[in-house]
Colleague: 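My questions all concern the structure below.
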Amino acid sequence: MGIIRNLASHFPAVCKSLIRNHHKIVMSRPVQARRTAGVDKNLWVEFTQLAADYKPVNLGQGFPDFSPPQFVQDAFCKAVCGGPSMHQYTRAFGHPPLVKSLAKFFSRIVGCEIDPLEDVLVTVGAYQALFCAFQALVDEGDEVIIIEPFFDCYQPMVKMTGGKAVYVPLRPKVKGSSIPSSGDWVLSAEELASKITARTKAIVINTPNNPIGKVYKTEELQMIADLCIKHNMLCISDEVYEWLTYDGAKHVKIASLPGMWERTITVGSAGKTFSATGWKVGWAIGSGNIMKHLKTIHQNTVYHCATAAQEAVAQGFEREYELFGTPESYFQQLPAMLHLKRKKLASCLEGVGLQPVMPEGGYFMIADISSVKVDFNDESTKDEPPDFRFVKWLTKEKGLGTIPVSAFYSPEHSKEFDKYIRFCFVKEDSTLDAAEDILRKWSKGE
Ligand code: PMP
Ligand code: GLN
């Protein structure tokens, strides 16, 4: 090694590789812990890189390309200029003003008294809330039911606990000629019940759903709740898009159904709530005797989250508490704005023969690409599913970024759903116009 290091200063490139190889030769056991095996591929890493390389009009990754509302931007600036404490550690499980605001706000919605210090955990985005929930509650050999399509991280997070993910797909009902809606994608109570075993510890639901936009109806949630209660299962309910529902669809919290508060962990995100995905403030809310285990994971991993961002989110919730249900509330204004963008994207997709599934909620719209014939010349994608090939072709050849929907399925069901791609419509109208332009030109063969 000494010789190699001396040489390194003269021949840096050659020696770097020698040093690397030397390490490989002397390692007597695998570097990699087993829990990282099989979870190394990541959809967002791959498609964010593709977007960085080809710079398409980006309707892929789900983030707004417009600014958060002025009141939270102002609150963030005020926090950053608010003196020394805003730049230092705060309470591990959540900045006191934020846990108080969240508890006050959600007590009104869930219909029970939420204790800010016991029942709320502030996390680095909804991602970390989910991570804490799986790590704290799922043991090796436990089974976790995941409803498909699902936000992709549930699968590796369950795998990393040593638990087993068991999948139940939402299935589209076959309908007549009207426009398909995410409400047509339904869960079979029989199929779900048939997947429950003595080892089933929890079920994960996501409403409004990413990627199809389904907003579960009270009856559907009640069916899930009945099974949770009957079989003594926990429920992890990912509700990051809770304020974004359209055409009268109503978001219902499963935690608000009788007997469910005490067995549900509800996950939320300030990123989605205030259109500030880069702030990475999220939370988990549930009964203190469950939350204490999530806190154990949190205190021993990240310990606490950025103070100024938490302060700004607290201010945002205080404002929304006062304005709740009024036209000035951002929780009314954002869905009203997105409703128009959703209509705009749907008519664009229909216009070029890509049949959309109208989402009842959320950031995304999926469309059926099976009627489109494309001659892919890209050898590098020849072993990939059709939706992955299509998305890569659309990005590279036409300059439009989207996301393949089969990525939101388990390997056993992904083939049935690889004819859909996902578009994000939480974008400036100019971005949606640019996407429309690309699709129109393509459909005309230009
Ligand atoms: N759950 C769902 C359904 C999501 O779409 C996302 C992505 N925003 C997350 C969780 C993670 O959210 P965050 O960015 O707050 O970590
Ligand atoms: N939730 C976002 C989406 O579905 C982005 C997730 C991510 O970038 N990791 O597009």
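Note that ligands are numbered from 1 as they come in the structure, with each ligand's atoms numbered from 1 the same way. Every heavy atom of this structure was used, including side-chain atoms; hydrogens, water molecules and symmetry mates were not.
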Colleague: May I ask you to identify the nearest protein heavy atom to atom 7 (C) of ligand 1, giving residue, atom name and distance to one decimal place in Å?
Modeller: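 Minimum-distance protein heavy atom for atom 7 (C) of ligand 1 reads Lys272 NZ, 3.0 Å.
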Colleague: Could you see which bit of Tyr363 sits under 4.0 Å from ligand 1, with heavy atoms only: side chain, backbone, both or neither?
Modeller: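 No part of Tyr363 comes within reach of ligand 1.
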Colleague: Tell me which one of Glu360, Lys250, Gln222, Met223 satisfies side chain to side chain contact (heavy atoms under 4.5 Å, CB included) with Lys217.
Modeller: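 Single pass found, and it is Glu360.
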Colleague: Could you tell me the residue and atom name of the protein heavy atom closest to atom 11 (C) of ligand 1, and the distance to it rounded to 0.1 Å?
Modeller: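 For atom 11 (C) of ligand 1, the nearest protein heavy atom comes out as Tyr127 CD1, 3.6 Å.
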Colleague: Heavy-atom distances under 4.0 Å are what count here, so tell me which part of Lys280 touches ligand 1: side chain, backbone, both or neither.
Modeller: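 Lys280 to ligand 1: side-chain contact only, backbone stays beyond 4.0 Å.
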Colleague: Which protein residues have a heavy atom closer than 4.0 Å to any atom of ligand 2, listed by chain and number?
Modeller: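 Its neighbours under 4.0 Å (heavy atoms only) are Trp44, Gln61, Gly62, Tyr127, Phe151, Asn210, Tyr241, Lys272, Phe364, Arg422, given by chain and number.
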Colleague: Give the atom numbers and elements of ligand 1 that come within less than 4.0 Å of a heavy atom of Asn206.
Modeller: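 Atoms satisfying the 4.0 Å criterion: 3 (C).
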Colleague: Ligand 1 versus Phe151, non-hydrogen atoms closer than 4.0 Å: side chain, backbone, both, neither?
Modeller: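 For Phe151, only side-chain atoms sit under 4.0 Å from ligand 1.
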Colleague: Would you mind finding which of Val267, Asn210, Asp152, Asp238 brings a heavy atom closest to atom 2 (C) of ligand 1?
Modeller: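 Of the listed residues, Asp238 has the closest heavy atom.
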Colleague: Under a 4.0 Å threshold between the charged nitrogen and the carboxylate oxygen, would Lys392 count as salt-bridged to Glu384?
Modeller: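 Yes, Glu384 and Lys392 are salt-bridged.
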Colleague: Going by an N to O cut-off under 4.0 Å, is there a salt bridge joining Glu143 and Lys201?
Modeller: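 No, this pair does not count.
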Colleague: Does Glu320 form a side chain to side chain contact (heavy atoms under 4.5 Å, CB included) with Phe71? I'd like the steps, not just the answer.
Modeller: CA-CA 10 Å; Glu320 288 301 309; Phe71 64 89; 3.6 Å; yes
Colleague: Tell me the nearest of Trp44, Tyr241, Tyr154 to atom 4 (C) of ligand 1, using heavy-atom distances.
Modeller: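 It is Tyr241 whose heavy atom sits nearest to atom 4 (C) of ligand 1.
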Colleague: Could you check whether the rings of Phe408 and Trp44 sit parallel, tilted or perpendicular, using 30° and 60° as the cut-offs?
Modeller: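 Phe408 vs Trp44 ring planes: perpendicular.
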Colleague: For atom 12 (O) of ligand 1, find the nearest protein heavy atom and state the residue, atom name and distance (0.1 Å precision).
Modeller: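 Looking at atom 12 (O) of ligand 1, the protein heavy atom closest to it is Ala126 CB, 3.4 Å.
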